[in-house]
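We count residues from 1, following the sequence as given. Counting starts at 1 for both ligands and their atoms, in listed order.
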Amino acid sequence: MAEPIIIDTDPGQDDAVAILLALSVPDRLDLQCITTVAGNVPVGLTTANALRICDLAGRADVAVHRGAEGPLVYPLETAEFVCGPDGLAGADLPLSRREPAPGHAALAIIAALRSAPGSGLILCPLGPLTNIALAIRLAPDIVPKIRHIVLMGGAIALGNITPAAEFNVYVDPHAAAIVFGCGAPIVMMGLGVTHQAVATLDDVQAIAALGSASARAIYGMLTRPRPGGLGTAGHPMHDPCVIAWLLWPELFTGRSCHVEIETAAGPLRGRTTIDWNNRLQRAPNAFVIDTVDAAALFRRMTVALARLP
Ligand code: BDR
Ligand code: CA
């Protein structure tokens, strides 16, 4: 039976690829709804982009709920310098005629978890964790219904938005602290692994050769000019790693660790301190992924994406 999931997202090109990957495997993943958050671009645009991506995949049936306008405490900082003015540079997609579904993203997450069967459902946050933190604070009773939170965020080594911090955790570190402290099982895809998930020229050409509208959009996003590039030769597919772990966990390795979030303003804001060697002897709060077989990842992704229009 397909696993029920919710994707919480700020598309963003790599978010878009992650959503398309999830939509390409309805036999494996049952996408209950998409919830949007401010991050790469403001939430009006991330919501419009989520709708555009569902349309591209021929899945206008997927509800998209608009969520938080900004982080819990800090003012919003966005990343147009990486993603372009609308967040989806290179995709060349028309605007959707659909409206977002009624109800705030955090309330949609609460409702979905409360009505989920006993085994609950899986949350897949691909942006700042604001909506997830709001849902947990508004309704702590949902935590036991969270089967897993598989998230993209954090870094074991250098950050990408500051020397210390990865973008999603930097934008809303208070939300990240709430989520990492909530007690639900967390799988963390940080930059240590997502910087390995960079498509080679052959990978990109194999996707282009699919010839579909989805493949054209992905090709455009993966080959767009790269002003925000940092530390890798191509666009890292950060967010698709989340979906890929659900589909093919055997391609990844990791370790249970305690992860601490720095919330204070200053040069360490958003730093995820990962106790890889258990120096602090604190109970682990996340399974931290550190490697991926990128060649196999892109091979399998391409096979899956071939099912999309
Ligand atoms: C994360 O930040 C965003 O720009 C990407 O979509 C990804 O979720 C990488 O740091
Ligand atoms: Ca993202």
Please name the atom of Asp239, limited to N, O or S, that comes nearest to the Ca ion (ligand 2).
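Of all N, O or S atoms in Asp239, the Ca ion (ligand 2) lies closest to OD2.
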Tell me which N, O or S atom from Asp10 is the closest to the Ca ion (ligand 2).
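Closest N, O or S atom of Asp10 to the Ca ion (ligand 2): OD1.
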With distance as the sole test, does Asp15 use its side chain to make a donor-acceptor pair with the main-chain N or O of Asp10 at under 3.5 Å?
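Yes: the side chain of Asp15 pairs with the backbone of Asp10.
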With a cut-off of 3.0 Å, does any N, O or S atom of Leu126 fall short of it relative to the Ca ion (ligand 2)?
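Yes.
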Check whether more than 12 heavy atoms from other residues, nucleotides or ligands sit under 6.0 Å from atom OH of Tyr219, and answer yes or no.
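Result for OH/Tyr219: open.
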Around atom CD of Glu99, are there more than 12 heavy atoms from other residues, nucleotides or ligands closer than 6.0 Å?
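No, CD of Glu99 has 12 or fewer neighbouring heavy atoms, counting only those of other groups under 6.0 Å.
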Is there a ring pair (Phe, Tyr, Trp, His ring centres under 6.0 Å) between Trp245 and His148 once you walk through the steps?
CA-CA 12 Å; Trp245 184 83; His148 264 113; 5.7 Å; yes
Is the distance between the ring centroids of His174 and Tyr74 under 6.0 Å?
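They qualify: ring centres under 6.0 Å apart.
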Hydrogens and angles aside, do Asp290 and Thr253 bring a side-chain donor and acceptor to less than 3.5 Å of each other?
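Indeed, the side chains of Asp290 and Thr253 share at least one donor-acceptor pair under 3.5 Å.
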Looking only at side chains, do Ser96 and Asp55 share a donor and an acceptor under 3.5 Å apart?
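Yes.
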Can you list every protein residue that has a heavy atom under 4.0 Å from any atom of ligand 1, sorted by chain and residue number?
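Those residues closer than 4.0 Å to ligand 1 by some heavy atom are Asp14, Asp15, Asn40, Leu126, Met152, Asn160, Glu166, Phe167, Asn168, His238, Asp239.
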